[in-house]
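Read the structure below first, then the notes.
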There are 2 protein chains.
Amino acid sequence: MQQSSLPIETVLQIRDQCLCLAAQRAARKLARRFDRLFAPLGLTNGQFSMLVALSGQWQPRLGELAEFLAMDATTMTAAAKTLEKRGLLHLIPDQADARARRPVLTEAGRVLIAQAAPLWCAEHGKLHAELAETQASTDPKALAQLLSQLG
Amino acid sequence: MQQSSLPIETVLQIRDQCLCLAAQRAARKLARRFDRLFAPLGLTNGQFSMLVALSGQWQPRLGELAEFLAMDATTMTAAAKTLEKRGLLHLIPDQADARARRPVLTEAGRVLIAQAAPLWCAEHGKLHAELAETQASTDPKALAQLLSQLG
DNA sequence: TCCAAGTAGTTTGATATCAATATAAAATGC
DNA sequence: GCATTTTATATTGATATCAAACTACTTGGA
């Protein structure tokens with residue numbers, strides 16, 4: 001049997017409409033783009049997001065931070081270890097719960113994120129401009145909210 | 001200095017509006033969802049997308065397939081090796097160019113994707129329904145196109 | 001013809017991702 | 001108080017991801 005046992009319409013439907021595939025593609029392209037942007041600082045896009053999340057008043061536990069980033073807790077363990085090894089954050093045991101640890105930025109972490117933020121602003125501005133060109137349908141801000149809800 | 005050297009407005013702007021972060025979050029959530037869906041078949045969401053792409057008449061080279069999936073060529077090398085090892089595809093040397101190889105589904109690959117497609121259809125239908133509930137703003141089909149363009 | 005430049009794919013090394021499992025501490029029920 | 005259950009994190013193993021460097025082949029030009 002040379003022909004696919006799958007109807008060609010189904011193949012095309014999945015290929016062109018699968019939100020999972022579309023999200024993976026978008027995520028990979030944007031990850032590469034921001035990884036290269038932050039490469040001079042030795043940061044990946046994910047590390048940037050994680051450090052930014054810790055730059056405000058919020059002092060989450062590892063699990064809470066993982067949930068915010070929609071990542072698995074085990075991934076967070078590994079990511080936090082890498083950043084701690086580089087001296088960008090400390091893992092402070094929670095006072096009330098001996099199981100929990102809270103990542104807290106070091107001074108080096110704050111300095112680095114202060115260097116990275118302007119790069120982000122410039123690049124994200126470009127991205128907005130590109131979106132405005134290709135499809136004026138969706139506001140980038142609304143799009144970010146939409147993407148965060150997906151899944 | 002206890003306070004962040006980054007203005008709080010900037011932190012919030014990045015946290016709430018970064019399209020890269022939003023895309024990574026969406027990609028992770030959807031990847032988990034479809035990985036679990038296909039787990040009984042021993043497939044990941046990425047393997048499913050790759051096999052579906054090869055289910056039509058298209059017979060791309062590895063590099064062309066990588067470009068379609070917006071992934072790095074080196075990632076494709078590894079992914080193809082895994083699927084070849086499992087007997088789901090063959091890597092056929094290109095006749096005209098001895099450097100190039102074209103992945104071609106085996107019968108086992110066709111059978112497996114024929115089993116997986118109904119699972120995808122059901123789950124993607126649910127996803128559509130959920131999207132219709134939470135935010136009626138965007139058509140899922142248009143959203144897939146939009147996501148594919150991002151980056 | 002032959003060399004230089006470009007192209008297709010691979011290898012290596014680092015981090016990312018998650019399932020399954022493990023460990024330790026907290027919360028619950030009796 | 002003590003046993004059970006739940007929760008927070010860590011460990012292991014497999015695949016995913018990409019940059020940098022590499023090999024082998026092709027192409028273009030002298």
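Throughout, a chain's letter reflects where its sequence line sits, starting with A, and its residues are numbered from 1. If you're wondering where the values come from, they're calculated on a predicted model, not measured in any experiment.
- For D/dT26, the base has no donor-acceptor partner in the side chain of B/R99 [N/O atoms by modelled type, under 3.5 angstrom].
- The distance from atom CZ of A/F38 to atom C1' of D/dA19 is 17 Å, rounded to the nearest whole Å.
- Atom CG in B/L62 sits roughly 14 Å away from atom C1' in C/dT7 (whole-Å rounding).
- The closest donor-acceptor contact from the side chain of B/Q24 to the backbone of B/L21 lies at 3.5 Å or more, if one exists at all.
- Within the 4.0 angstrom heavy-atom criterion, only backbone atoms of the sugar-phosphate kind lie near B/D97; the bases stay farther away.
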Mind listing the side-chain donor-acceptor pairs of residues 64-75 of chain B below 3.5 Å, one per line with the distance, residues two or more places apart or on another chain?
unit_1 : atom_1 : unit_2 : atom_2 : d
B/E64  : OE1    : B/R61  : N      : 2.9
B/D72  : OD1    : B/T74  : N      : 2.9
B/D72  : OD1    : B/T74  : OG1    : 2.7

Nucleotides 11-21 of chain C: protein proximity per nucleotide (B base, S sugar-phosphate only, - neither; heavy atom, under 4.0 Å): B----SBBBB-
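- Taking atom CZ of residue A/R61 and atom P of nucleotide D/dT7, one finds them 11 Å apart after rounding to whole Å.
- Using a cut-off of 4.0 Å between Lys/Arg side-chain N and Asp/Glu carboxylate O, A/K126 and A/E123 are scored as salt-bridged.
- In this structure, the CG atom of B/D94 is 17 Å from the P atom of C/dT7, given to the nearest Å.
- Classified by interplanar angle (parallel below 30°, tilted 30° to 60°, perpendicular above 60°), the ring pair A/F38/A/F34 is tilted.
- Exactly one residue among B/L37, B/I113, B/L112, B/D35 makes a side chain to side chain contact (heavy atoms under 4.5 Å, CB included) with B/F48. That residue is B/I113.
- Side chain of A/T106 to main chain of A/L88: a donor-acceptor pair is present (N/O by atom type, distance under 3.5 Å, no hydrogens or angles).
- Distance A/L30 CG to D/dC18 P: 12 Å, rounded to the nearest Å.
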